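Here the structure is laid out as structure tokens; the discussion comes afterwards.
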Amino acid sequence: MTVDIETEVKSAFKQHFDHTIEVTGFAPGRVNLIGEHTDYNGGHVFPCAITNGTYGAVAKNGTQQVNCYSANFDDEGVISFNLDTLAYEKVDSWTSFVKGMLHFLKEKGYVIDEGFDMAISGNIPNGAGLSSSASLELLVGVLVRELFHFDASQLDLIKMGQLTENHFIGVNSGIMDQFAVGMGEKDHALFLDTNTLEYEKVPADFKNNVLLIMNTNKRRELSDSKYNQRRNECEEALKRLQKQLAIDSLGELTPEEFEANRQLINDDTLERRAKHSVYENQRTVDAVKQLRADDLEGFAKLMNASHESLRDDYEVTGKELDTLVEAAWQEPAVLGARMTGAGMGGCAIALVDKEAVETVEANIQKAYVEAIGYEATFYVAEIGNGAHAQAVTA
């Protein structure tokens, strides 16, 4: 969170609502270091929260109406809806995520008996694969929890965020994004078993390297992407394996067990989808071991292998992401690189010697512009804390 964003939000609140702010809060974006498209397959993931995120300010307004303003969508002005009609409507734009969170919180029994005014602003590029939607969901969760003084746990809010994605917005995503946004800790990544929700905080010590985010600037919408298709393909592969294997998810299989039984799937495309999920899960487990052992080269090799699998077996990278990653691989100062997030646009990450960041950026940018025709955006990620809110004191 930057002071500029906080100041912007407070000013916007005063401009549009002109009464006293009661609660402020922040929710980060996230980067997934490795473990892509494994969260909805019962596997492991290894994300971290970043200091880019979404800041918000709220106050009750004495009505049943919720009024929302985003500095990121200034041209849309204030969008309003009633607490009694929390149904999905496409015209609600970004406030659909607000509506969804309120719907599921109220359904769960948490008392939200009064409308409120909310202003937000964020510095996560929308549609970039850094979880701007999960950031908004968890921001709403922590703001409303503080505003109405109910006792929802952070995990409750995380689950409400996933329900919003799955059953309100219509994206069959796993729980990784909301978990990283909700549970993040400064300078740590989260090694999460998505099947059990057991997790460990692992120091993200990259020594003389920094985590460089490379944004393709190709926006993609998960609900309009191959995301749901890939999930359906994995579910079909699992069904075919379950005819002879007593498993509940692809994440339960080792690579050896998969190879011994892959003929049960009997479809080349479905086999490759399942292969990615199984092998990516193992890569994630191995990558955490490498990082704990300070073997950054070993960790980086697994990052590279992850991207290759996402490109060749899962087919979710695309020309833009491949261009960035393959250009990064050519740089001597880059240990490893891969796409992060769902793919089909969005961002890639690279572990880069901190003394060579400017040179690396310039060389990758040159290759990207030549191949794609427009520029990518680069910034160094800092690993920060998860979503939190606080009452404003006079």
Side-chain angles (χ1 to χ4, degrees), residues 1-5 28-34 36 46-53 122-125 127-132 180 184-189 202-218 287 290-291 294-308 310 317 319-341 343 345-385:
M1 179 177 65
T2 67
V3 174
D4 288 343
I5 295 176
R30 72 95 189 93
V31 162
N32 191 25
L33 298 176
I34 192 167
E36 221 64 78
F46 196 41
C48 55
I50 58 176
T51 53
N52 292 65
N123 57 6
I124 309 170
L130 301 177
S131 294
S132 56
E185 182 174 304
K186 181 176 171 57
D187 298 329
H188 288 73
V202 180
D205 184 1
F206 302 128
K207 306 303 179 188
N208 294 322
N209 301 280
V210 293
L211 193 63
L212 182 67
I213 297 176
M214 308 180 287
N215 187 355
T216 63
N217 289 322
K218 178 188 179 183
Q290 302 283 34
L291 188 59
D294 289 332
D295 183 358
L296 288 182
E297 288 191 3
F299 182 85
K301 286 179 181 177
L302 291 165
M303 289 177 66
N304 296 343
S306 170
H307 185 87
E308 290 169 350
L310 288 157
T317 56
K319 184 178 180 181
E320 293 83 3
L321 284 168
D322 287 340
T323 298
L324 284 178
V325 171
E326 289 164 15
W329 287 343
Q330 298 303 311
E331 294 297 310
V334 172
L335 280 180
R338 62 182 292 277
M339 60 155 269
T340 187
C347 290
I349 55 173
L351 276 180
V352 183
D353 185 323
K354 61 186 177 185
E355 304 297 330
V357 171
E358 289 186 10
T359 300
V360 167
E361 285 184 10
N363 292 342
I364 295 175
Q365 185 76 280
K366 183 174 184 294
Y368 188 75
V369 171
E370 286 177 358
I372 306 301
Y374 56 85
E375 291 190 343
T377 304
F378 302 85
Y379 39 103
V380 173
E382 295 181 30
I383 300 176
N385 289 316

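Sequence positions, counted from 1, serve as the residue numbers for this chain. Everything numeric in this text was worked out from a predicted model, so none of it was measured.
Every residue two or more places apart in sequence or in another chain that forms a side-chain hydrogen bond (donor to acceptor under 3.5 Å, both in side chains) with E326 is listed here: R311. Not counting sequence neighbours, the partners of R338 by the salt bridge (Lys or Arg N to Asp or Glu O under 4.0 Å) test are E36, E280.
Residue K319 forms a side-chain contact (heavy atoms from CB on, under 4.5 Å) with just one option from T323, D322, L321, and that option is T323. Here the options are D294, I383, L335, the test is side-chain contact (heavy atoms from CB on, under 4.5 Å), and the partner is F206; only I383 passes.
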Report task. For V360 and F378, run side chain to side chain contact (heavy atoms under 4.5 Å, CB included): C-alpha distance rounded to whole Å, both residues' side-chain angles, the deciding distance at 0.1 Å, then the answer. Result -> CA-CA 10 Å; V360 167; F378 302 85; over 6 Å; no
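Rounded to the nearest 0.5 Å, atoms CG (L211) and CD1 (I349) are 5.0 Å apart. M303 contributes atom CE, which lies 7.0 Å from atom CG of L33 (distance to the nearest 0.5 angstrom). Distance check: N32 CG to T340 OG1 gives 5.0 Å after rounding to the nearest 0.5 Å.
The main-chain N or O of K186 is found under 3.5 Å from a side-chain atom of H188 such that the two form a donor-acceptor pair.
The closest side-chain heavy-atom distance from L302 to I34 is below 4.5 Å. The closest side-chain heavy-atom distance from N208 to E355 is not below 4.5 Å. Annotation: side chain of N209 is not in contact with side chain of V352 (no heavy-atom distance under 4.5 Å).
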Return all side-chain donor-acceptor pairs below 3.5 angstrom for residues 368-376, not counting sequence neighbours, or 'none' if the list is empty.
residue	atom	partner	partner atom	Å
Y368	OH	T216	O	2.7
E370	OE2	K366	NZ	2.8

